[in-house]
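Step one of this worksheet: look at the structure below.
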There are 2 protein chains.
Amino acid sequence: MADVAAAAGVSAMTVSRALRRPDTVSEEVRARVEEASRRLGFVPSRVASALASARTMTVAVLIPSLTNAVFIDLLAGVQETLSPQGYQPLVGITGYGPEAEERVLRTQLAHDPDGVILTGLDHTPGTWDLLRSLTIPVIHTMDLAAEGEHSDCPVQTVGFSQYDAGYAVGAHLAARGRRRIGLIAGQLDPRTRQRCDGWRQALRDAGRHDPALELMVPDATSVALGAELLERTLAAHPDTDALFLCNDDLAQGALFQCVRLGIPVPERLAVAGFNDLAGAAWTVPPLTTVATPRRAIGVEAARLLIAGMADRTPKSRENPRRVDLGFRLMVRETT
Amino acid sequence: MADVAAAAGVSAMTVSRALRRPDTVSEEVRARVEEASRRLGFVPSRVASALASARTMTVAVLIPSLTNAVFIDLLAGVQETLSPQGYQPLVGITGYGPEAEERVLRTQLAHDPDGVILTGLDHTPGTWDLLRSLTIPVIHTMDLAAEGEHSDCPVQTVGFSQYDAGYAVGAHLAARGRRRIGLIAGQLDPRTRQRCDGWRQALRDAGRHDPALELMVPDATSVALGAELLERTLAAHPDTDALFLCNDDLAQGALFQCVRLGIPVPERLAVAGFNDLAGAAWTVPPLTTVATPRRAIGVEAARLLIAGMADRTPKSRENPRRVDLGFRLMVRETT
DNA sequence: GCCTCGTTTGTTAGCGGTAACATGCGCTCC
DNA sequence: GGAGCGCATGTTACCGCTAACAAACGAGGC
């Protein structure tokens, strides 16, 4: 920067100003500095800038996994919103564990991010303490804070009601006249559980809930697992005539397995998934599922964060927002 | 740090040493510093550390897209290898464009990463200039540098031969006795083109190449596109009896469409994909495809990078490595 | 003509660590 | 008994930039 300053015949401070806030210097100086800067190939060090200005222009983004398309879409929304504003996402992977999340968050915080985006609301007490002590904005995604919940620590959430979405699927299957409606769930994180809770309540409201038809396993979900659990369910309860699989991977696996076993879908068995992943509309038959606004959640979370990072007075803390982006039941041919 | 130093009765420098390289201080001092550090909740600022030591402990990772599972797997491999070593990946998205890549690389470099991982070898001259001027290690992935290529700028590559992989598919289809073998490709990045080149050569070697059966479109690939392009191909050339789709998304779409149209696979039409994505083994019938070591490439690239970042003498520059991790043709039932 | 004010540029003093060198101390060894 | 050495710790001077304040200058008001 000193070299550029000398070349442009100004002080280092003026170079800094000319490049960061061109409107604060005279047009002539700005031009000279830009020319010199370009000629010398000057790239200001963000590290030094961060140390001096206490703004790193980075944002910690914690997601459970890279192999689940849901969080990738979330990340993509965050990324595409932050990047144009000059913010660099710092991606951290928590592996669905609150303890790991706390560890990852701590290492991320050492990088002094200007904001934090988290997945879900299921944090350790240590994480809550940490968040409470932060002076930077924090957004929780993919879920909504219940009214009054976390009153000790105001939270901003951007997401949708997993419970309501699960309820919608249950109600839909019941409305289709199905009587033996089963559930298959894996990867039992809090959001999956809420979906199952919603589904269960819908069936209770319809007077058709049978706990025996619930198959919940802790394993990571996959197409293969969906195929396997379908077989287990049908072996144990051959009269099952509808199934909610808590995500599309499982649903696709189940669907493939139905084709293999010669089980007509939806005639003999209705199948519903969750998330509306890329291929869901193209399976044979096309899969009924719930479209979730994952990318939009990422975009909105990043927007709110940018707003919060812009004004240094953290008023957002007193005025926690709760942005419900909803969901859509995509009724296709499997039900 | 000054507070911790005072609390532990030592100098700031000793605190720094006690926390970063515990073996360089006495056992007793180390214990005192750790206790004080924990009690005060001290988290060393990586930003300040970076400025003083000229090591940011970050790595720029540039991939074309977040919505293609191939690069997510690559990223996952990189992430899981870098994280335990204390390195933080800085993810940049290039959107498959060399110009965008150069822009993204420039902004990433402002963060002073200690290393760079790039996708492919298709860079702008400006990017090559930039890379040549860097003193940090750089790894190119997903492709292999040809012998003698880029002799002006030694490159380290970790990947596999896209050409050979394409050749293997072509040879396989020919060996199955197919005579009218078509090609469907989208997202025409250099790696896709190489696969197509390999496939084409295989068919020429078998004496069965017909350029009319090649359908190459620039659009981003998707399941929907695969279905659409299958119809177009069959409409134009109803006698097609085998198809290579340049990735699994397209192949799955084509496969679904075959089921819909009542075209028996593989009896009437053989279908081969590329990448062996998660669901490929579970489609009906299971998809023949090429398993590519994407995650392993990420892991190996990160390993090489860590080695290069560890010794400050950039000897690796003189001794460029070319790590071929190969591929596997997964022959399943669609061929 | 002098004072005030706004605009542009410069000066100073850090931001929070760490590299490099200096110091002090206990030991071994001749 | 003193030179010489190795280890543990301290001191100094930055790393490259920017906040905050100071200064210089021209324009307008009375």
Side-chain angles (χ1 to χ4, degrees), chain A residues 1-34 36-37 40-58 86 88 107 109-114 135-136 311-313, chain B residues 1-34 36-37 40-58 86 88 107 109-114 135-136 309-313:
Chain A
M1 188 180 259
D3 292 349
V4 175
V10 295
S11 72
M13 190 66 237
T14 300
V15 173
S16 173
R17 279 194 279 249
L19 297 178
R20 289 190 315 140
R21 311 200 15 233
D23 53 305
T24 61
V25 299
S26 70
E27 173 54 28
E28 189 230 332
V29 163
R30 193 196 54 69
R32 282 216 315 275
V33 169
E34 274 191 359
S37 172
L40 298 179
F42 173 61
V43 178
S45 160
R46 290 221 180 212
V47 174
S49 171
L51 187 58
S53 68
R55 309 188 112 250
T56 55
M57 299 303 282
T58 61
Q88 170 68 235
T107 67
L109 289 179
H111 287 273
D112 278 323
D114 293 337
T135 59
I136 55 176
D311 64 338
R312 313 274 271 198
T313 57
Chain B
M1 187 179 259
D3 293 349
V4 175
V10 295
S11 71
M13 190 64 236
T14 300
V15 173
S16 174
R17 278 195 278 249
L19 296 178
R20 289 191 314 141
R21 313 203 8 236
D23 54 306
T24 61
V25 299
S26 71
E27 172 55 28
E28 187 229 335
V29 162
R30 192 196 54 68
R32 281 216 315 274
V33 169
E34 274 191 359
S37 172
L40 299 177
F42 173 60
V43 179
S45 160
R46 289 223 181 212
V47 174
S49 170
L51 186 58
S53 68
R55 309 186 113 249
T56 56
M57 300 302 281
T58 62
Q88 170 68 234
T107 67
L109 289 179
H111 287 273
D112 277 322
D114 293 336
T135 58
I136 54 176
M309 296 185 296
D311 64 336
R312 314 274 274 198
T313 58

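Only this structure's heavy atoms are used, side chains among them; waters, hydrogens and symmetry mates stay out. In what follows, every chain begins at residue 1, and chains take the letters A, B, ... in the order their sequences are listed.
- In this structure, A/Met13 places its CE atom 15 Å from P of C/dT8, rounding to the nearest Å.
- To the nearest angstrom, P of C/dC25 lies 16 Å from CD of B/Glu28.
- Within the 4.5 Å cutoff, the side chain of A/Val15 has no heavy atoms near those of the A/Ser37 side chain.
- Using five terminal pairs a side, the axes of the helix from C/dG1-D/dC30 to C/dC30-D/dG1 at its two ends make an angle of 40°, given in steps of 10 degrees.
- As judged by a 4.0 angstrom heavy-atom cut-off over every strand, B/Val47 is placed among residues making no nucleic acid contact.
- Separation of atoms OG (B/Ser53) and CZ (B/Arg46) is listed at 10.0 Å; rounding is to 0.5 Å.
- A/Met57 has its side chain within reach of A/Asp114: a pair of non-hydrogen atoms, C-beta onward, lies under 4.5 Å apart.
- Rounded to the nearest 0.5 Å, atoms CD (A/Gln88) and NE2 (A/His111) are 11.5 Å apart.
- Side-chain contact between B/Val43 and A/Leu109 is absent, with no heavy-atom pair separated by less than 4.5 Å.
- At whole-Å resolution of the value, CG in A/Asp23 and P in C/dT7 are 12 Å apart.
- Straight-line distance from the CZ atom of B/Arg55 to the P atom of C/dG16: 23 Å, rounded to whole Å.
- When DNA chain D is scanned 5' to 3' for any atom under 4.0 Å from a heavy atom of chain B, the first and last hits are D/dA8 to D/dG16.
- Of the inter-residue distances, the one linking B/Thr58 atom OG1 with B/Asp112 atom CG reads 7.5 Å to the nearest 0.5 angstrom.
- The side chain of A/Ala52 lies closest to C/dG14 when the candidates are C/dT11, C/dG14, C/dG16.
- Between B/Val33 and B/Val10 the shortest side-chain heavy-atom distance falls below 4.5 Å.
- Residue A/Ala12 is the one, among A/Ala48 and A/Ala12, whose nearest nucleotide of DNA chain C lies closer to the 5' end (criterion: closest heavy atom).
- Taking atom CG of B/Leu51 as the reference point, atom P of C/dG17 lies 12 Å away to the nearest angstrom.
- To the nearest 0.5 Å, atoms OG1 (B/Thr14) and CE (B/Met1) are separated by 10.0 Å.
- A donor-acceptor contact under 3.5 Å links the side chain of A/Arg17 to the base of C/dG10.
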